[in-house]
Amino acid sequence: MAFRLADLAERVGAKLVGKADCEINSVASLGRARQGSICFVSDGRYRQLLKKTRASAVILDSSMLADCPVSALVVTNPYITYVKIAHLLNPAIAFKAEIHPSAIIHSRATIHPDARVGPLCVIDEDVVVAAGVRIGPACTIASGCRIEESTQLVSRITLCKDTVLGRRVLIHPGVVIGSDGFGLINDNGIWVKIPQLGKVVIGDDVEIGANTTIDRGTLDDTVIEQGVKLDNLVQVAHNVRIGAHTAIAGCVGIAGSAKIGRHCIIGGAAGIQGHIEIGDRVTITGMTKVTKSIKSPGVYTSGTPFELNDKWLKNSVRFKQLDSIVRRLKSLEKK
């Protein structure tokens, strides 16, 4: 796709400075841009790169305009504007509605004529697939699943029994949704499986990263509300509820029956204990261990940053002595 710079400015609500007829056909970084490319800058640390850029145009705010040697789109938030333009220049690839001959479709499944089912897919009974759905190669859809309009399963995705996907959901390769939760009870030293009778319900406009797993509920459903974004390798256990527009980075583990509020941000490799509640607009930094409920918005952190091993070992010993030190200090203060 290619656009006149003036047309892009009109579409994103930007002020154009420079050549209105300049043709833009790609996005690029400041350092690697070429003729026909548009890039963005939002940080003063990149002024020197901006001065040397070979791009045809740059998206920036007014504070950077004096250092720009080429045409510019002046906006308040360059990054958001860049994202919008990147979408315009790289539209979604059109697909052909069809069922591949190698797909196995149960006679009681309902596939909309405007849907696409790729090669080697297996779709079981009572599955409903709506218009505009794209099911990529080697996906398995178990009985009773429902997939709403314009949702895309990229490839090798498993939807277990009765899973519900909303509209415009995007699921990346290797995801498993609706497998049994880790529900066990110990009976005199023997682990007995607890039936997992709930399902998974995914809201509209959710994105789920590669190899993420979301377990079905034990009795109540596991629920991912609208607009949630899950990175790769996230584990969501049974009966978890994640509020709308929350973003969760890679390798996060969320234990059973945890409730996470709306508009939260959870950093990579954080661990969320089960049966706790996290309120709305909470940010949890990477590697944080959350063991208690969080009611107030804010940024929460745990853990110790890395340092030389010898120093870390000494501090680890001192940390274990902290309670004793505090008690002795209080005793001295009383005296």
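Heavy-atom minimum distance, F40 versus L30: O-CG, 4.0 Å. Of all the heavy atoms in I123 and A109, the pair that sits closest is CG2-CB, 4.0 Å. Contact record, C39 with A33: SG-CB, 4.3 Å, taken as the closest heavy-atom pair. Considering all non-hydrogen atoms of both residues, C160 and R216 come closest at CB-NH1, 4.0 Å. The minimum heavy-atom distance linking L65 with A72 is given by the pair CD1-CB, 3.8 Å. The shortest non-hydrogen separation linking I214 to L230 is CD1-CD1, 4.0 Å.
Side chain to side chain, T301 and T288 fail the donor-acceptor criterion of an N or O pair below 3.5 Å. Checking N239 against T222 by side-chain atom types alone, no donor-acceptor pair falls below 3.5 Å.
With rounding to the nearest 0.5 Å, the separation of OG in S71 from CD1 in I24 is 7.5 Å. Here the CD1-CZ distance, from I224 to R241, works out to 9.5 Å after rounding to the nearest 0.5 Å. Of the inter-residue distances, the one linking R134 atom CZ with K96 atom NZ reads 15.5 Å to the nearest 0.5 angstrom. Distance check, rounded to the nearest 0.5 Å: OG1 of T213 to CG of N211 gives 9.0 Å. Rounding to the nearest 0.5 Å places NZ of K84 at 11.0 Å from CD1 of I59. Atoms CD1 and CD1, from I278 and I294 in turn, are 5.0 Å apart once rounded to the nearest 0.5 Å.
Looking at S331, its side chain never comes within 3.5 Å of a backbone N or O of R327 through a donor-acceptor pair. Remark: side-chain polar atoms of K229 are not paired, donor with acceptor, to backbone N or O of G209 under 3.5 angstrom. Using a distance-only test at 3.5 Å, with no hydrogens or angles considered, a donor-acceptor pair links the side chain of N232 to the main chain of A210. The main-chain N or O of G198 is never found under 3.5 Å from a side-chain atom of T218 such that the two would form a donor-acceptor pair. A donor-acceptor pair under 3.5 Å is formed between the side chain of D231 and the backbone N or O of G250. In this structure a side-chain-to-backbone donor-acceptor pair under 3.5 Å is missing from S155 to P137. Counting only distance, with no hydrogens or angles, the side chain of S150 and the backbone of R168 share no donor-acceptor pair below 3.5 Å. The main-chain N or O of I141 is never found under 3.5 Å from a side-chain atom of D124 such that the two would form a donor-acceptor pair. Between the T53 side chain and the L50 main chain, no donor and acceptor come within less than 3.5 Å of each other. Panel note: side chain T246, backbone C264; a donor-acceptor pair is recorded below 3.5 Å.
In this structure, R47 places its CZ atom where more than 12 heavy-atom neighbours from other residues, nucleotides or ligands lie under 6.0 Å away. Counting non-hydrogen atoms of other residues, nucleotides and ligands closer than 6.0 Å to CG of L332 gives a total above 12. Taking a 6.0 Å sphere around CD1 of I190, one finds it holds 12 or fewer heavy atoms contributed by other residues, nucleotides or ligands. Within 6.0 Å of atom CG in L308, 12 or fewer heavy atoms from other residues, nucleotides or ligands are found, so the atom counts as exposed in its surroundings. Annotation for R116: atom CZ counts as buried by contact number, over 12 foreign heavy atoms lying within 6.0 Å. In this structure, R4 places its CZ atom where more than 12 heavy-atom neighbours from other residues, nucleotides or ligands lie under 6.0 Å away. Counting heavy-atom neighbours within 6.0 Å of E10 CD, excluding the residue itself, gives a total of 12 or less.
Connectivity analysis of hydrophobic side chains (ILVMFWY, heavy atoms under 4.5 Å, direct or indirect) links L170 to V154.
A 4.5 Å side-chain heavy-atom check between V290 and I266 finds every atom pair outside the cut-off. Side-chain atoms of H245 and H263, non-hydrogen and from C-beta on, do get closer than 4.5 Å to each other. P78 has its side chain out of reach of V41: every pair of non-hydrogen atoms, C-beta onward, lies at least 4.5 Å apart. When side chains are defined from C-beta on, D61 does not count as touching S42, because their heavy atoms never get closer than 4.5 Å. The side-chain heavy atoms of I38 and L89, taken from C-beta on, include a pair separated by under 4.5 Å. With a 4.5 Å cut-off on side-chain heavy atoms, V117 and V129 do not count as touching. Between L153 and L165 there is a side-chain heavy-atom pair separated by less than 4.5 Å. When side chains are defined from C-beta on, I177 counts as touching I171, because their heavy atoms get closer than 4.5 Å.
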* Asked: Do M1 and L88 pass the side-chain contact (heavy atoms from CB on, under 4.5 Å) test, and can you show the C-alpha distance, the side-chain angles, and the key distance before you say yes or no?
  -> CA-CA 8 Å; M1 296 289 290; L88 289 172; over 6 Å; no

* To do: I would like to know whether I284 and I272 meet side-chain contact (heavy atoms from CB on, under 4.5 Å); could you show each step before the answer?
  => CA-CA 10 Å; I284 297 169; I272 312 296; 4.0 Å; yes

* Please walk me through it: do I202 and T151 pass side-chain contact (heavy atoms from CB on, under 4.5 Å)? -> CA-CA 11 Å; I202 308 288; T151 282; over 6 Å; no

* Determine, stepwise, if the pair D280 / R262 fulfils side-chain contact (heavy atoms from CB on, under 4.5 Å). => CA-CA 5 Å; D280 297 343; R262 299 182 170 201; 3.8 Å; yes

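Cluster annotation: V169 and I135 are assigned to the same hydrophobic cluster (Ile/Leu/Val/Met/Phe/Trp/Tyr, side-chain heavy-atom contacts under 4.5 Å, transitive). Hydrophobic clustering places I111 together with I147 (ILVMFWY residues linked when any side-chain heavy atoms are closer than 4.5 Å, directly or through intermediates). I276 and I260 fall within a single hydrophobic cluster, where Ile, Leu, Val, Met, Phe, Trp and Tyr side chains are chained together by heavy-atom contacts under 4.5 Å. Hydrophobic cluster membership is shared by V12 and V27, with clusters built from Ile, Leu, Val, Met, Phe, Trp and Tyr side chains linked at under 4.5 angstrom. A continuous path of hydrophobic side-chain contacts links V75 to F3 [ILVMFWY only; heavy atoms under 4.5 Å].
Taking H100 as the reference, nothing meets the ring pair (Phe, Tyr, Trp, His ring centres under 6.0 Å) condition, with sequence neighbours excluded.
Salt bridge present: D204 and R167 bring a charged side-chain N and a carboxylate O closer than 4.0 Å. Salt bridge annotation for R11-D7: absent, with no cationic side-chain nitrogen under 4.0 angstrom from a carboxylate oxygen. Using a cut-off of 4.0 Å between Lys/Arg side-chain N and Asp/Glu carboxylate O, D180 and K193 are scored as salt-bridged.
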